[in-house]
Amino acid sequence: MKYSRTTGEQNDEAKSPMRRDSGYDVIVIGAGHAGCEAALASARLGRATCLFTMNLDTIAQMSCNPAIGGLAKGHLVREIDALGGEMAKNTDRAGIQFRMLNKSKGPAVWSLRAQADRVLYRLSMRKVLESQKNLSIKQALVEKIVVEDGKVKGVSTSLGIFYGARAVIVTTGTFLRGLIHIGLDNFPSGRAGEFPSVGLSDSLRELGLGLDRLKTGTPPRLDAHTIDFSKTAAQFGDEPPLPFSYATSRITNPQLPCYITYTNSETHRIIRENLDRSPLYSGRIKSTGPRYCPSIEDKVVRFSGRERHQVFLEPEGLETSEYYANGISTSLPYDVQVALVRTIPGLEEAEIMRPAYAIEYDFAYPTQLRHSLETKLIEGLFLAGQINGTSGYEEAAAQGLMAGINAALKLKGSPPLVLGRHEAYAGVLIDDLVTKGTREPYRMFTSRAEYRLLLRHENADERLTEKGYAIGLLGETDYLRFREKQRRIECETARLRSRRIKPEAVKEALAALNTTPLREDAALEQLLKRPEISYDFIRRVSPPEEPLSEEICREIEIRVKYEGYITRQAEAAERLKKMDEKRIPEGIDYSAISGLSKEILLKLEEVRPANIGQAGRIPGVTPAALSLLLIAIEKMRRRAK
């Protein structure tokens, strides 16, 4: 008789005729960025968890570029950290260059990006996983999700072994029926040099989930010994480097530069002359690729008027000569790749260590999910990462974290943790997926968030730490650090509001900044609201009562300078929250609501929104339809009385 290692309950799989192994609370399939976060979250919340991977040596593999963060993606990494996830800490351990992007623009779009040592990132995450209590790791090919009466019961592997579980999280990345294309040649693979997962894809279809195909790609990797860096422009990181994690005091790795070069007319000529050998333009690839990260042949065709395209040469690590040629992702044949690379300044003699390729893979329509990332069709089955149609490590990790949290909460009998669009980019990401769906690889942008001034990079802890601590994922040490930071911010903000300064005390300093002198005593807060005045100025003329970190100083300055805008967005977010609080009964019969058009009826039936706010975000659902829906819900409520 088999028992759960944490609950002592008898597992149904003990009665199965299939060969059996251990029973678990939660099984995670796939050890990429989504899988690692899902497994850690579940285990840290006390669930007996097993992480399955096809290859123990590729846990947390950075399949594409050796970087974490970037525009909006950096926000996601900070949010993962604020909730108690691992990606930010692991990036700090493996980071070899850190840069804050968009510093010339407003704080709503500042975003941190880090180059990482690819090997160090993978080994560091594996060490964390192997040290985690309640977490087992197994190398096996999962081929089937076992379901009985609409509920997950476990999984079975290619060896015919059954592992019981009360929840299963699928985080398979590009491995579901993965097909790699290099020129007109193609071969099954989940990632270069690795087997695809075919049986699991068939299993999901047999369970009734709708799947389709997407495509992504990667550029060639080059040997640094054959690159002439003198013909490129070096791009250095920030000094000192700003860590991703709130828990990291400083970055200790050596920091390396990236290098910038450009394609040219000769590069573009070679590409145009070989489009007939491209699987994209010969019809071999039929699925949709990422619109915002196109291949170089796509760029040349779509932007024919552009004379050049930027290429970033990014180091893969401290102990390797391999460089990632960001900007020339392609699926052209190998000989064409060599030719086009060698037209680029600095790369005239470059040797390709790994060729570029495109990959097609299966994904599941994300409208089949609840906001918890549990499938609507099968209880206990969760999907996270690229299987939901997203692209990028950060989008995957954020989903993995939320799926792991919600699987653990479900087994505990607690309500799911659902982040609102006004609370987190992770909330925007998941709401977009389950409400609008996607037909192309989804990428997070700051423009997708209606309240991006509320969702700033530096205030992720303010937005989410209480939630992470409340569910038990964030530790006491991290929580106390957050509370102390908030205390210092509040004390200094109050001081700025109450402390007044005399005109004579700042007359010369204001004149040096060419700003209007004070005519009467003014609060420090009012002085800081001036565009020319920074918090550094305030700190010089009126030092704070206790030492403040640079991070705290930045947050105080943003709060003061953008107070009016922040207040207005907070009020708008409150209105959205009220709409999201108007629940729609789960079993509502939309066909019984008179006046709904057939198109709107079909969309409501497909998504089955949880509340009026979500219904209003479904493309094509009109305000008039929402009014009809509200009337129907009110009638249902009255009849229930």
Side-chain angles (χ1 to χ4, degrees), residues 32-34 36 58 60-74 76-77 87-88 90-92 94-99 101 111-122 124-125 173-174 180 191-193 215-224 227 232 235 237 244 253 255-261 263 289-296 298-299 309-318 320-331 337 341 344 347 350 352-359 361 385-386 390-398 441-445:
H33 303 283
C36 290
T58 56
Q61 179 83 298
M62 304 181 86
S63 308
C64 197
N65 60 321
I68 298 291
L71 302 181
K73 293 169 176 283
L76 287 171
V77 180
M87 176 173 266
N90 204 59
T91 302
D92 292 343
I96 55 177
Q97 188 195 96
F98 292 77
R99 291 181 65 234
L101 307 181
S111 203
L112 189 61
R113 185 177 190 269
Q115 297 295 139
D117 183 307
R118 187 189 297 274
V119 173
L120 186 55
Y121 189 95
R122 174 170 53 81
S124 176
M125 184 65 85
T174 61
I180 281 182
R191 190 163 47 204
K215 169 244 156 188
T216 189
T218 188
R221 273 66 160 181
L222 310 177
D223 185 349
I227 298 174
T232 67
Q235 183 183 65
F244 260 114
N253 287 332
Q255 300 293 285
L256 299 181
C258 296
Y259 299 88
I260 300 173
T261 184
T263 64
R291 184 192 317 182
Y292 303 104
C293 188
S295 64
I296 186 61
D298 247 359
K299 292 179 188 177
H309 295 281
Q310 199 169 56
V311 181
F312 286 92
L313 302 176
E314 302 174 347
E316 295 264 343
L318 296 170
T320 178
S321 64
E322 196 171 357
Y323 268 70
Y324 180 91
N326 195 343
I328 52 172
S329 173
T330 184
S331 56
Q337 293 183 34
V341 162
I344 298 171
L347 307 183
I352 293 177
M353 297 179 75
R354 307 186 202 220
Y357 63 86
I359 183 168
Y361 55 95
Q386 281 182 281
T390 59
S391 68
Y393 309 145
E394 305 81 4
E395 291 90 341
Y442 178 103
R443 180 178 179 178
M444 179 51 70
F445 292 103

Q) Who passes ring pair (Phe, Tyr, Trp, His ring centres under 6.0 Å) against Tyr121, sequence neighbours left out? A) His33
Q. Closest heavy-atom contact between Ala192 and Tyr357?
A. N-OH, 3.3 Å
Q) Taking it one step at a time, do Arg191 and Thr58 satisfy side chain to side chain contact (heavy atoms under 4.5 Å, CB included)? A) CA-CA 10 Å; Arg191 190 163 47 204; Thr58 56; 3.5 Å; yes
Q: Could you check Asn90 against Phe244 for side chain to side chain contact (heavy atoms under 4.5 Å, CB included), going step by step and ending with a plain yes or no?
A: CA-CA 9 Å; Asn90 204 59; Phe244 260 114; over 6 Å; no
Q | Heavy-atom closest pair, residues Phe98 and Thr91 | A | CZ-O, 3.9 Å
**Q.** Listed partners of Tyr259 passing ring pair (Phe, Tyr, Trp, His ring centres under 6.0 Å), at least two apart
**A.** Phe229
(Q) If I compare all heavy atoms of Leu76 with all of Ala398, which pair ends up nearest, and what's the gap? (A) CD2-CB, 4.1 Å
Q) With Thr263, which residues qualify under side-chain contact (heavy atoms from CB on, under 4.5 Å), at least two apart? A) Thr267, His268, Ile296, Arg308, His309, Val311, Ile328, Ile344
Q | Atom of Pro294, atom of Asp298 and distance for their closest heavy-atom approach | A | CB-CB, 3.7 Å
Q: State the SG-CZ distance between Cys36 and Arg122, to the nearest 0.5 angstrom.
A: 11.5 Å
Q: Locate the shortest heavy-atom distance separating Leu318 from Asp117; write the atom from each residue and the value.
A: N-OD2, 2.8 Å
Q: Apply side chain to side chain contact (heavy atoms under 4.5 Å, CB included) to the pair Leu313 and Thr232, showing each step before the final yes or no.
A: CA-CA 9 Å; Leu313 302 176; Thr232 67; 4.2 Å; yes
Q. Just by modelled atom types, is the Cys64 backbone N or O under 3.5 Å from a matching donor or acceptor in the Tyr393 side chain?
A. yes
Q. Looking at residues at least two apart in the chain, or sitting in another chain, which of them share a salt bridge (charged side-chain N to carboxylate O under 4.0 Å, His left out) with Arg443?
A. none
Q.
Among residues at least two apart in sequence or on other chains, which ones pass salt bridge (charged side-chain N to carboxylate O under 4.0 Å, His left out) with Glu316?
A. Arg118, Arg221
Q: Output yes when a side-chain donor or acceptor of Asn253 lies under 3.5 Å from a complementary backbone atom of Ile96, and no otherwise.
A: no
Q) Under the salt bridge (charged side-chain N to carboxylate O under 4.0 Å, His left out) test, which residues partner Lys73, sequence neighbours left out? A) Glu394, Glu395
Q. Hey, does the side chain of Thr390 reach the backbone of Gly385 with a donor-acceptor pair shorter than 3.5 angstrom?
A. yes
Q. Got a donor-acceptor contact below 3.5 angstrom from the Ser111 side chain to the Gly70 backbone?
A. yes
Q: Look up atom CE in Met444 and atom OG in Ser391, then write down how far apart they are to the nearest 0.5 Å.
A: 10.5 Å
Q | For Ser321, all residues meeting side-chain hydrogen bond (donor to acceptor under 3.5 Å, both in side chains), sequence neighbours excluded | A | Asp223
Q. About how many Å separate OG1 of Thr218 and CD1 of Ile180, when rounded to the nearest 0.5 Å?
A. 9.5 Å
**Q.** Spacing of Leu112 atom CG and Arg99 atom CZ [to the nearest 0.5 Å]
**A.** 10.0 Å
Q | Those residues that, when tested against Thr216, pass side-chain hydrogen bond (donor to acceptor under 3.5 Å, both in side chains) (two or more places apart) | A | none
(Q) Taking side-chain contact (heavy atoms from CB on, under 4.5 Å) as the definition, give me every residue that meets it alongside Ile352, ordered by chain and number, with sequence neighbours left out. (A) Pro220, Leu222, Tyr334, Gln337, Val338, Val341
(Q) Run the side-chain hydrogen bond (donor to acceptor under 3.5 Å, both in side chains) test against Asn326 and tell me which residues pass, sequence neighbours left out. (A) Glu314
Q: Would you please name every residue forming a side-chain contact (heavy atoms from CB on, under 4.5 Å) with Gln310, sequence neighbours left out?
A: Ile260, Tyr262, Phe312
Q | Contacts of type side-chain hydrogen bond (donor to acceptor under 3.5 Å, both in side chains), residue Gln115, not counting sequence neighbours | A | Arg113
Q: Would you check if the side chain of Gln97 reaches a backbone N or O of Gln255 as a donor-acceptor pair within less than 3.5 Å?
A: no
Q) Of the non-hydrogen atoms in Ser329 and Gly217, which two are nearest, and what is the gap between them? A) OG-C, 3.4 Å
Q: Mind checking the SG-OH spacing from Cys258 to Tyr323? Nearest 0.5 Å is all I need.
A: 7.5 Å
